[in-house]
*Asks:* 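Before anything else, here's the structure in question.
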Amino acid sequence: MPELPEVEAVRRSLQPVMEGGRIERVVLRRPDLRAPFPRRFASRVAGQTVRTVNRRGKYLLVELSSGDTLVMHLGMSGSFRVAIVGDERDSLVHDHVVFRMASGATITFNDPRRFGSMQLLSREDLPRHQTLARLGPEPLDREFDGAALARACRRKKTSLKAALSDQRVVAGLGNIYVCEALHRARLLPRRRAGSIATGAGAPRETAHRLAAAIKKVINDALAGAAAEQSDRESASGATRFRVYDREGRRCLRAGCRGIVRRIVQSGRATFFCPVCQK
DNA sequence: CCCACGACCTGCTGGC
DNA sequence: TGCCAGCAGGTCGTGG
């Protein structure tokens, strides 16, 4: 479930095991994920100490003592399993990469669809990574606000759904949280993105409302992802989303009696309430 | 440049 | 019950 909140939960699970520790061994159990592993990938990572485990948008950035950075993306179906010493289990289908730490802990990357990616970038190459370099602001940063969002959407003829899904506009949202944020902001996914920048009457009120909704949705999801780690109950909670995957059911906004609709935009499902979203 | 669309992969679901 | 089409939360390349 890898949008920003889920990737951040993964980062938090990796950090205590990796940061400050030495990666003793890297096992590649197949030659590629989305792309082939580069030559000497495993040997360039093995032996390195992990300086930091960071996140940018949906990317995980593991900075190594050599100066190289391991840039990882979970794609649609990627996940990490952490096992401390004595806790190892048999490997599963689609376990593609195993990192063994000097502590004895193992970190296993599993990815059935193989849309995930791992790259190793030198200090010089990291800033040249085209996708990373063009990533928009982190939604929870101060610099991301209504004005920034309005600027990024200005003159965009595409839909709000497509604009918010564009990682260059804001980093880390995916199909689910885009639907959730637009519902919270009471904006129709099909509405033209540029229209939020030209708020006639109440200048930019719409953009501010949308930026605030994005922050709220991401914050709540981060809290939910944290709770999921400790509390098993909330993991199965089917009520985590207020519109996503709720086609045909009642809108959950207080006082709204709309029925959630599902449409397809640029090939992906969009869920919205036709009554309270304008 | 901007935008929509299909491709990349496997697994699960729901309808027949 | 069994089978198969359709769908899945992301990104990238292409072509208009």
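Here is how names work: the chains are called A, B, and so on, in the same order as the sequence lines, proteins then strands, and each is numbered from 1.
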*Asks:* Rounded to whole Å, how long is the line connecting atom CZ of Arg168(A) with atom P of dC3(B)?
*Replies:* 8 Å
*Asks:* If you count heavy atoms of other groups shown closer than 6.0 angstrom to CZ of Arg190(A), is the number above 12?
*Replies:* no
*Asks:* Under a 3.5 Å cutoff, is there a donor and acceptor pairing between the side chains of Thr69(A) and Glu63(A)?
*Replies:* no
*Asks:* Out of dG11(B), dG10(C), dC7(C), which has the shortest distance to the side chain of Arg262(A)?
*Replies:*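 Selected nucleotide (nearest to the side chain): dC7(C).
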*Asks:* Should Gln167(A) be listed as having a side-chain N or O under 4.0 Å from OP1 or OP2 of dT11(C)?
*Replies:* yes
*Asks:* With side chains defined as the heavy atoms from C-beta onward, is the minimum distance between Phe99(A) and Val27(A) less than 4.5 Å?
*Replies:*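 No, side chains not in contact.
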*Asks:* Reckon Lys156(A) has a side-chain N or O less than 4.0 Å from the OP1 or OP2 of dC3(B)?
*Replies:* yes
*Asks:* Check whether any side-chain heavy atom of Tyr177(A) sits under 4.5 Å from a side-chain heavy atom of Glu6(A), and report yes or no.
*Replies:*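 Yes, side chains in contact.
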*Asks:* Can you say whether the rings of Tyr59(A) and His129(A) are parallel (under 30°), tilted (30 to 60°) or perpendicular (over 60°)?
*Replies:*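 Aromatic pair Tyr59(A)/His129(A) classed perpendicular.
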*Asks:* Step through the shown structure and confirm whether more than 12 heavy atoms of other residues, nucleotides or ligands are within 6.0 Å of CD1 on Ile84(A).
*Replies:* no
*Asks:* Separation of Arg134(A) atom CZ from dT11(C) atom P, in whole Å?
*Replies:*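 Rounded to the whole Å, the gap is 14 Å.
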*Asks:* Calculate the interatomic distance between Asp245(A) atom CG and dG14(B) atom C1'; express it in whole Å.
*Replies:* 14 Å
*Asks:* When you compare dC9(B) with dC3(C), how far apart are their P atoms, in angstrom units rounded to a whole number?
*Replies:*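 dC9(B) and dC3(C) have their P atoms separated by 26 Å.
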*Asks:* Would you classify Thr131(A) as touching base, sugar-phosphate or nothing, given that sugar-phosphate means primed atoms plus P, OP1 and OP2, and contacts are heavy atoms under 4.0 Å?
*Replies:*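 The residue Thr131(A) makes sugar-phosphate contact but no base contact.
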*Asks:* Going 5' to 3' through nucleotides 4-9 of chain B, assign each nucleotide B (protein heavy atom under 4.0 Å from a base atom), S (under 4.0 Å only from sugar-phosphate atoms) or - (no protein heavy atom that close).
*Replies:* SS--BB
*Asks:* Give a yes-or-no answer on whether the side chains of Asp111(A) and Ser77(A) include a donor-acceptor pair shorter than 3.5 Å.
*Replies:* yes
*Asks:* Using whole Å, report how far CZ of Arg155(A) lies from C1' of dC1(B).
*Replies:* 12 Å
*Asks:* Rounded to whole angstroms, how far apart are CD on Gln130(A) and C1' on dG13(C)?
*Replies:* 15 Å
*Asks:* Would you say His73(A) reaches dT11(C)'s phosphate, i.e. side-chain N/O to OP1/OP2 under 4.0 Å?
*Replies:* yes
*Asks:* Is there a Watson-Crick or G-U wobble partner for dC9(B) with both distances under 3.5 Å, and if so, which one is it?
*Replies:*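 Base partner found: none.
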*Asks:* Within this structure, what is the CG-to-C1' distance between Asp166(A) and dC3(B), rounded to whole angstrom?
*Replies:* 10 Å
*Asks:* Using the side-chain heavy atoms of Asn175(A), tell me which of these nucleotides is nearest: dT11(C), dA8(C), dG10(C).
*Replies:*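 Output: dG10(C).
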